[in-house]
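Values reported hereafter were calculated over all heavy atoms of this structure, with side chains retained and with hydrogens, waters and symmetry mates removed.
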Amino acid sequence: MDTMDEILRGFFKRYESMANRVLASDMDVAETTFAFASDFIAASPAGVMTGKNDKSLKTSMEKGYARYRAIGTRELKIRNLEITPIDALHFLVRVDWRSVYEVNERPDVVIDFEVHYLVQLRNGEPRIFGWVSGDEEAVLREHGIG
């Protein structure tokens, strides 16, 4: 049987692969909503929001990916992943991401960032029920993107 570490690493590897397929317009974003719990919370410098894994999540994700494509996002890669167990069913997973952008005539612009995910094991499957991220818009502006 897989260890929790292997299960969570596999889950995020699948999520990374699917995100890149959505960026490339090779997959419908609705196929990625499996990764989220029925309800979730998100926090960033813009504030705290709650949401449901329903049509509104799909719509929000479609808008987000359309914007990522419009600003030249070419790829998202996991650089590192750290798992901190909270209890037997809950985990804090820090994902260090690398995003690559094609911006005008400049060589690829690379931005590293981190997101902390709250993950719950439900019926043997991981589900993201929350995340905390930095100020994405400020970082993009610093790199002349957006």
Side-chain angles (χ1 to χ4, degrees), residues 1-103 109-143 145-146:
M1 181 169 161
D2 289 338
T3 66
M4 271 321 298
D5 189 76
E6 291 169 328
I7 289 168
L8 290 168
R9 287 181 187 282
F11 172 80
F12 278 98
K13 192 69 176 162
R14 180 178 175 203
Y15 186 72
E16 172 194 53
S17 173
M18 294 176 93
N20 282 298
R21 288 183 62 202
V22 172
L23 271 175
S25 299
D26 290 338
M27 174 184 281
D28 187 305
V29 73
E31 294 182 57
T32 67
T33 61
F34 80 92
F36 298 92
S38 61
D39 298 89
F40 55 85
I41 185 169
S44 73
V48 176
M49 62 151 255
T50 61
K52 292 195 170 294
N53 189 343
D54 58 15
K55 188 172 180 137
S56 65
L57 175 60
K58 179 181 177 284
T59 300
S60 176
M61 290 176 74
E62 284 172 342
K63 288 179 184 174
Y65 277 103
R67 181 170 187 284
Y68 288 146
R69 282 185 215 97
I71 63 173
T73 311
R74 193 181 79 216
E75 181 182 36
L76 293 167
K77 295 287 282 180
I78 294 174
R79 293 181 300 113
N80 189 41
L81 193 137
E82 292 179 17
I83 300 165
T84 304
I86 297 170
D87 62 24
L89 298 176
H90 299 91
F91 304 86
L92 175 64
V93 182
R94 174 188 162 159
V95 179
D96 294 329
W97 290 99
R98 171 163 288 159
S99 52
V100 180
Y101 302 83
E102 290 179 10
V103 183
V109 176
V110 175
I111 300 175
D112 293 338
F113 63 99
E114 67 187 48
V115 179
H116 291 80
Y117 296 92
L118 295 166
V119 180
Q120 180 181 56
L121 195 63
R122 297 276 303 188
N123 302 317
E125 294 291 327
R127 296 291 179 259
I128 297 167
F129 70 92
W131 62 92
V132 179
S133 60
D135 191 341
E136 179 181 18
E137 293 304 315
V139 173
L140 290 170
R141 281 191 304 274
E142 286 173 19
H143 288 85
I145 300 172

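The closest side-chain heavy-atom distance from D5 to F91 is not below 4.5 Å. Using a 4.5 Å heavy-atom cutoff, the side chains of I128 and L118 are not in contact. In this structure, H143 and Y101 have side chains that are not in contact, with every pair of non-hydrogen atoms separated by 4.5 Å or more. V100 places none of its side-chain heavy atoms less than 4.5 Å from the side chain of K77. For the pair K13 and L81, the minimum side-chain heavy-atom distance is 4.5 Å or more. Here the side chains of V48 and I41 are in contact, with some heavy-atom distance below 4.5 Å. A heavy-atom distance below 4.5 Å is found between the side chains of R9 and I83. You'll find the side chain of L121 reaches within 4.5 Å of the side chain of M4, heavy atoms only.
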### Message
Run the side chain to side chain contact (heavy atoms under 4.5 Å, CB included) test on L92 and H116 for me, step by step, so that the C-alpha distance in whole Å, both residues' side-chain angles and the decisive distance to 0.1 Å come before the verdict.
### Response
CA-CA 7 Å; L92 175 64; H116 291 80; 4.0 Å; yes
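Side-chain atoms of R98 do not come within 3.5 Å of backbone N or O of I111 as any donor-acceptor pair.
To the nearest 0.5 Å, atom CD of residue Q120 and atom CD1 of residue I86 are 10.0 Å apart. The distance from the CZ atom of F36 to the OH atom of Y117 is 7.0 Å, given to the nearest 0.5 Å. Of the inter-residue distances, the one linking E102 atom CD with R74 atom CZ reads 5.0 Å to the nearest 0.5 angstrom. Note that the OG atom of S17 and the CG atom of D26 stand 10.0 Å from one another [nearest 0.5 Å]. Of the inter-residue distances, the one linking M18 atom CE with E31 atom CD reads 5.5 Å to the nearest 0.5 angstrom. Rounded to the nearest 0.5 angstrom, E82 CD and L8 CG are separated by 13.5 Å.
A salt bridge is absent between E125 and R122: the closest approach of a Lys/Arg side-chain nitrogen to an acidic carboxylate oxygen does not fall below 4.0 angstrom.
Checked against ring-ring contact (aromatic ring centres under 6.0 Å, His included), F40 has the following partners two or more places apart in sequence or in another chain: W131. Qualifying side-chain hydrogen bond (donor to acceptor under 3.5 Å, both in side chains) partners for S25, counting only residues two or more places apart in sequence or in other chains: R69. Listed by chain and number, the residues in a side-chain contact (heavy atoms from CB on, under 4.5 Å) with Y68 are L23, Y65, I71, T73, E136 (sequence neighbours excluded). Taking D87 as the reference, H90 meet the side-chain hydrogen bond (donor to acceptor under 3.5 Å, both in side chains) condition, with sequence neighbours excluded. Residues forming a side-chain hydrogen bond (donor to acceptor under 3.5 Å, both in side chains) with N20 (at least two apart in sequence, or on another chain): none.
Here the closest heavy-atom approach between residue S133 and residue P45 is recorded as O-CD, 3.5 Å. Contact between P126 and F11 at its shortest, heavy atoms only, is O-CE1, 3.3 Å. Summarising the geometry of K58 relative to A30, their closest heavy-atom pair is CE-CB, 3.4 Å, with the distance given to 0.1 Å.
Within the structure, side chain to side chain donor-acceptor pair (under 3.5 Å) contacts touching residues 39-55 (residues at least two apart or in different chains) are D39-K52, D54-S56.
Relative ring orientation between F113 and W97 is described as parallel, the plane-to-plane angle staying below 30° on a 0-90° scale split at 30° and 60°.
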